[in-house]
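For reference, the structure discussed in these notes is given below.
Fair warning: this is a prediction, and the values are worked out from it, not measured in the lab. The sequence lines fix the lettering, A, B, ..., with proteins before strands; numbering per chain opens at 1.
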Amino acid sequence: DAGVIQSPRHEVTEMGQEVTLRCKPISGHDYLFWYRQTMMRGLELLIYFNNNVPIDDSGMPEDRFSAKMPNASFSTLKIQPSEPRDSAVYFCASSLLGPLHFGNGTRLTVT
Amino acid sequence: GESVGLHLPTLSVQEGDNSIINCAYSNSASDYFIWYKQESGKGPQFIIDIRSNMDKRQGQRVTVLLNKTVKHLSLQIAATQPGDSAVYFCAENTGNQFYFGTGTSLTVIP
């Protein structure tokens with residue numbers, strides 16, 4: 001079991017650029033979650049999917065953020081345009097009737 | 001100016017001693033609870049879970065206690081080792097959503 005795989009591990013970009021974060025959940029898991037972690041606010045839920053369908057996106061900060069899950073093995077989180085306050089570690093997690101299993105995150109720095 | 005972040009509770013223990021990390025949860029309707037360990041540069045890692053129909057569950061060197069009356073969860077680590085140094089989070093599950101505490105930083109002194 002390879003676990004949840006996220007890419008890239010680090011992303012440095014300039015303000016205004018588009019950023020795409022990628023996630024491959026554990027095979028067979030039917031829930032996928034995107035979280036953001038900062039020193040200021042800790043772990044915040046952004047959005048989650050069940051069977052590839054977005055269920056709750058109330059945690060998405062604003063329209064600059066969007067997430068998709070085109071199939072059971074892939075999800076993206078896109079920020080367009082990016083801003084310095086988006087700098088954080090973004091985690092993807094998946095689950096199947098149990099605990100969340102997290103990837104190792106993407107550390108995003110927007111300058 | 002000085003940045004203000006979450007005030008992370010800290011716990012320092014001597015290697016070989018037992019550690020107890022506490023967590024207060026907020027929603028009396030939560031029916032599933034999980035403890036995670038997060039090491040620097042990594043994602044939170046599952047340690048142990050417990051459902052609301054239980055008040056104690058044991059794993060390898062770890063025990064979780066649940067007190068629903070006061071909405072309190074604790075993680076006990078026996079014979080703490082340097083590799084246990086990390087930030088520990090509790091999470092409560094309500095419906096299909098997981099809500100995380102702010103975390104406790106555990107430092108093991110060799």
Worksheet item: Should V53(A) and I47(A) be regarded as members of a common hydrophobic cluster, given that ILVMFWY residues are connected when their side-chain heavy atoms come within less than 4.5 Å of each other, either directly or indirectly?
Response: no

Worksheet, complete the sentence: When the 4.5 angstrom heavy-atom criterion is applied to Q45(B) and chain A, the contacting part is neither

Worksheet item: Hey, are the side chains of Y35(A) and P44(B) touching, using non-hydrogen atoms and a 4.5 Å cut-off?
Response: no

Discussion item. Less than 4.5 Å to any heavy atom of chain A: does that hold for the side chain of F100(B), its backbone, both, or neither?
Written reply: side chain

Discussion item. Just verifying a value: how many Å separate Q97(B) CD and L45(A) CG, rounded to the nearest 0.5 Å?
Written reply: 5.5 Å

Fill in: CD (Q60(B)) with more than 12 external heavy atoms under 6.0 Å
no

Discussion item. Any non-hydrogen side-chain atom of F98(B) less than 4.5 Å from a side-chain atom of P99(A)?
Written reply: no

Practice prompt. Step through the shown structure and confirm whether more than 12 heavy atoms of other residues, nucleotides or ligands are within 6.0 Å of NZ on K68(B).
Written response: yes

Worksheet item: Would one find more than 12 heavy atoms of other residues, nucleotides or ligands at under 6.0 Å from atom CD of Q14(B)?
Response: yes

Practice prompt. Go through the atoms of Y99(B) and report whether side chain, backbone, both or neither lie under 4.5 Å from a heavy atom of chain A.
Written response: neither

Discussion item. With clusters defined by side-chain heavy atoms of hydrophobic residues (ILVMFWY) lying less than 4.5 Å apart, directly or transitively, does L46(A) cluster with V89(A)?
Written reply: no

Worksheet item: Heavy-atom distance under 4.5 Å to chain B: side chain of Q37(A), backbone, both or neither?
Response: side chain

Practice prompt. Tell me, for L100(A) versus chain B, whether the close heavy atoms (under 4.5 Å) come from the side chain, the backbone, both or neither.
Written response: both

Worksheet item: Counting only heavy atoms not in D63(A), do more than 12 fall under 6.0 Å of its CG?
Response: no

Practice prompt. Check whether Y32(B) and Y25(B) end up in the same hydrophobic cluster, where Ile, Leu, Val, Met, Phe, Trp and Tyr are linked by side-chain heavy atoms less than 4.5 Å apart.
Written response: no

Discussion item. Please find the pair of heavy atoms, one from K42(B) and one from F91(A), that lie closest to each other, and give the distance.
Written reply: O-CZ, 3.8 Å

Worksheet item: What distance do T102(B) atom OG1 and R41(A) atom CZ have between them, rounded to the nearest 0.5 Å?
Response: 14.5 Å

Worksheet item: Side chain, backbone, both or neither: which part of N50(A) has a heavy atom under 4.5 Å from chain B?
Response: neither

Worksheet item: Hey, any chance L65(B) and L73(B) share a hydrophobic cluster, counting ILVMFWY side chains that come within less than 4.5 Å of each other, even indirectly?
Response: no

Worksheet item: L75(B) and F33(B): same hydrophobic cluster, using ILVMFWY side-chain contacts below 4.5 Å?
Response: yes

Worksheet item: Between atom CG of L43(A) and atom CZ of F89(B), what is the distance when rounded to the nearest 0.5 Å?
Response: 5.0 Å

Worksheet item: Looking only at heavy atoms, which of residues 102-109 of chain A get nearer than 4.5 Å to chain B?
Response: F102(A), G103(A), N104(A)

